[in-house]
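Each remark here refers to the structure printed beneath this line.
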Number of protein chains: 2
Amino acid sequence: MPGENRDLSERKKLILKAIIDTHINMGEPVGSKYLTQYKQIAYSSATIRNEMAELEEMGYLEQPHTSAGRVPSQLGYRFYVDQLMQQYRLTSAEIGELNKLLKMKAAEVNRILDRATKLMSMLTNYTGVAVRRSPARQTVSRFDVMYVSPRSFILVMLTGSGAVKTRHIHLGFDVNRDVLEKLAVTLNDCVSGMEMEQITLPVILEMQQRLEGHESLINPIIKAVYETVNEPDEGELIFDGVNNLLNYPEFSDIDRVRDMLELFDNKEDLLDLLSGAEGDRTNVYIGSENEVEVMRSSSLIFRTVKSGGRTVGVIGVIGPRRMDYSKVVTMVDYLSGSIGHMMEADLIEGKKDDS
Amino acid sequence: MPGENRDLSERKKLILKAIIDTHINMGEPVGSKYLTQYKQIAYSSATIRNEMAELEEMGYLEQPHTSAGRVPSQLGYRFYVDQLMQQYRLTSAEIGELNKLLKMKAAEVNRILDRATKLMSMLTNYTGVAVRRSPARQTVSRFDVMYVSPRSFILVMLTGSGAVKTRHIHLGFDVNRDVLEKLAVTLNDCVSGMEMEQITLPVILEMQQRLEGHESLINPIIKAVYETVNEPDEGELIFDGVNNLLNYPEFSDIDRVRDMLELFDNKEDLLDLLSGAEGDRTNVYIGSENEVEVMRSSSLIFRTVKSGGRTVGVIGVIGPRRMDYSKVVTMVDYLSGSIGHMMEADLIEGKKDDS
DNA sequence: TTTAGCACTCTCGGGTGTCAAGTGCTAATC
DNA sequence: GATTAGCACTTGACACCCGAGAGTGCTAAA
């Protein structure tokens, strides 16, 4: 039964860590002889070979073929991420880039995530991904109505997380501007800030009463609100730097490239995957740990971005299974926190600048 | 001097067309012997060989190596597209799919282009692309203002092409709802429907007069309008089916894949390229005809989508240079026209449905 | 002008031999 | 008992060769 780590001796951990670190850097199977050059490992290659054989038996290492060195298995990476790897320290150049992003003026949700994605891809040399997302439980905090023509208007909704959504509404009858004005006031009075469950029949009846003579307006509106709030496939996928991955030897095999591209072609699946992020921690999916078969040779590190208690998006990095987990985790941590705080500040009070 | 086509005999045209048609289908260099099987070409392989040698001399054909058949050159494809290829007839299945798209309910710009892109990728087995775009000369046809906090509000603009844009505006001072209300009315009265050049000093002065006591509101607003109208990098790139291309043998070379991915990674460049579409005709870029070096092994067929005289986007298809030009051109033509008309109908008067 | 024939060129796939890396195992050593 | 040196073995990578097949250009004949 592979995977029991209680009896991993310190020496085994040392060797395992050295193998994984080396392999992450070099990208090639690492052999026993190579490890003897580390001064922390003061054993002969033969001893190391024995330990490696046992580590392989336990499931932490794999051998591509008899006469190659060892490569970490999925389980090995998992153990490494959970217990072995050490904290990465961002370089000052990296911190500089990140802070430049955070000081950006147009502090709107859209721009930030775009830019963060690009930045992650550049700083890590992997692929940056993000989801701009209406969280599962969205509310509308403010409504507005914009007249277009006698039979159509646009419903503008400011969501709890600060995004603006719009809907064209077409009617089978005419309405005038006064009615629309009243509609907006009514909506703001009756349903702003509510979750969908709170919009019950009494609330709807009250609205219809206030709009007497135009009750039939309410139904399409409620439907539009409902769709906006609950739309599960709502959420826009952003990614940048897919090309970076082609520079890693694991993607010199065309089939791997195919897998990877499939990942980015099935935007809905990737969206689902990212949306499944557990909150308040950085998620690390190694290879096929998650159910997505097509990811077997890549890993995904991601984290939700929260602002004012609400999930406003997800950011992450996709790379080969042999990824610099330490660095990427640190960076995703840092960015998700900072972006969240920033948007929070922006939402709560208008900043002091004039545009 | 290659390229003069005045002296292309009918027989040469026949042979050239046969070669290109065959190569588009088969994907491999085509030899003289193979062509003798066509009954329209009643010559021996030797004769065909002579003609092929001349066509190569003229620059329409290329030889990968001595003992291979001929392959169309970029110039050859160009001649084919301009003069040789025959009209493709959409199959009934294809027409069915396309009409299904066109009958879709949520007739909003966003959804249509997303779906059209996916559809093109599916029906052609190449990559569908689209740009959702505020045309270079955009106008704002209607304004609205949504109160957020004493020092910030959201400016909602309905553009001439039917898209909705929003801007958060932060202020250094407080304003109340009444002022914002007046602001919206003023904007609608004074600048709706105008091009930027028409918003001259007198217009601005009039607005400031109408908003007396709050003149300083005008500047940030004008700036926001200006940015919205003129924003050149505005325009969202959509694509679907990148993976399809990997199935073509020309992309079994990893370097070609790299080129292709680079194309999709540099979203701005691709956006520029697509935005350069000449109006009212379907543009065909073969290989490196356009300046983008990275496209040397692919082709791009695209066309603007116009609605009510305004450009609202671009749709197109990217495929290998050996593409089924005839089919793709037909499809892009059909789609761009239909989508345009549809959005037009939607804009001018709200349809008779109720949501 | 067309065609048959032929020598030539080039790619592709299979087969072979060599090299280097890395292993597992055994016996000697600390 | 743990460690290590030594050695035989396995395997992939690489270079090389060779024959088959496809397609060509050219020449001479029809």
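Reminder, nothing fancy here: chain letters follow the sequence lines and each chain counts from 1.
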_Residue B/Y43, side-chain heavy atoms: nucleotide from D/dA5, D/dG12, C/dT2 that is nearest_ = C/dT2
*Return no unless some side-chain N or O of B/T47 is found under 4.0 Å from OP1 or OP2 of C/dT3.*
yes
In whole angstrom, give the distance that lies between atom [atom1] of [X] and atom [atom2] of [N].
X     : N      : atom1 : atom2 : answer
B/H65 : C/dC10 : NE2   : P     : 10 Å
A/E51 : C/dT23 : CD    : P     : 14 Å
A/L35 : C/dT23 : CG    : P     : 9 Å
B/I48 : C/dT3  : CD1   : C1'   : 12 Å
B/I15 : C/dT2  : CD1   : C1'   : 13 Å
A/L61 : C/dT23 : CG    : P     : 11 Å
B/K12 : C/dT1  : NZ    : P     : 11 Å
B/I41 : C/dT3  : CD1   : C1'   : 16 Å

*salt bridge (charged side-chain N to carboxylate O under 4.0 Å, His left out) against B/D333, all qualifying residues, sequence neighbours excluded*: B/R303
*asked:* Which label fits A/Y285 and A/F302: parallel for a plane angle under 30°, tilted from 30 to 60°, or perpendicular past 60°?
replied: perpendicular
*With sequence neighbours left out, what residues match B/E51 under side-chain contact (heavy atoms from CB on, under 4.5 Å)?*
B/S9, B/R11, B/K12, B/I15, B/E54
*Applying side-chain contact (heavy atoms from CB on, under 4.5 Å), name anything that partners B/E97, two or more places apart in sequence or on another chain.*
B/K100, B/L119, B/L123
*Could you tell me whether B/E250 and B/R322 have a side-chain N and a carboxylate O separated by less than 4.0 Å?*
yes
*side chain to side chain donor-acceptor pair (under 3.5 Å) with B/D240: which residues, sequence neighbours excluded?*
B/S121
Only pairs under 3.5 Å count here: list side-chain donor-acceptor contacts from residues 41-50 of chain A, not counting sequence neighbours, and write none if there are none.
| unit_1 | atom_1 | unit_2 | atom_2 | d |
| --- | --- | --- | --- | --- |
| A/S44 | OG | A/A46 | N | 3.4 |
| A/S44 | OG | A/T47 | N | 3.4 |
| A/S44 | OG | A/T47 | OG1 | 3.3 |
| A/S45 | OG | A/R49 | NH1 | 3.4 |
| A/R49 | NH1 | A/S32 | OG | 3.2 |

Under 3.5 Å, which protein N or O atoms sit close to an N or O of nucleotides 21-30 of chain D? Give each pair with its distance.
| unit_1 | atom_1 | unit_2 | atom_2 | d |
| --- | --- | --- | --- | --- |
| D/dG23 | O4' | B/S67 | O | 3.2 |
| D/dG23 | O3' | B/A68 | O | 3.4 |
| D/dT24 | OP1 | B/S32 | N | 3.4 |
| D/dT24 | OP2 | B/S32 | N | 3.3 |
| D/dT24 | OP2 | B/S32 | OG | 2.6 |
| D/dG25 | OP1 | B/R70 | NH2 | 2.8 |
| D/dG25 | N7 | B/R49 | NE | 3.1 |
| D/dG25 | O6 | B/R49 | NH2 | 3.3 |

*Counterpart residues, ring pair (Phe, Tyr, Trp, His ring centres under 6.0 Å), relative to A/Y80 (two or more places apart)*: none
I'd like a table of atom pairs between the protein and nucleotides 18-20 of chain D - only N or O on both sides, under 3.5 Å - with the distance next to each one.
none

Can I get a per-line list of side-chain donor-acceptor pairs under 3.5 Å for residues 65-79 of chain B, giving both atom names and the distance, sequence neighbours left out?
| unit_1 | atom_1 | unit_2 | atom_2 | d |
| --- | --- | --- | --- | --- |
| B/H65 | ND1 | B/S67 | N | 3.4 |
| B/R70 | NE | B/E56 | OE1 | 2.7 |
| B/R70 | NH2 | B/E56 | OE1 | 2.9 |
| B/S73 | OG | B/G59 | O | 2.6 |
| B/S73 | OG | B/Y60 | O | 3.2 |
| B/S73 | OG | B/L75 | N | 3.3 |
| B/S73 | OG | B/G76 | N | 3.0 |
| B/Q74 | OE1 | B/S288 | N | 3.2 |
| B/Q74 | OE1 | B/S288 | OG | 3.3 |
| B/Y77 | OH | B/H23 | ND1 | 3.3 |
| B/R78 | NE | B/E289 | OE2 | 2.9 |
| B/R78 | NH1 | B/D82 | OD1 | 3.2 |
| B/R78 | NH2 | B/V284 | O | 2.8 |
| B/R78 | NH2 | B/E289 | OE1 | 2.6 |
| B/R78 | NH2 | B/E289 | OE2 | 3.4 |

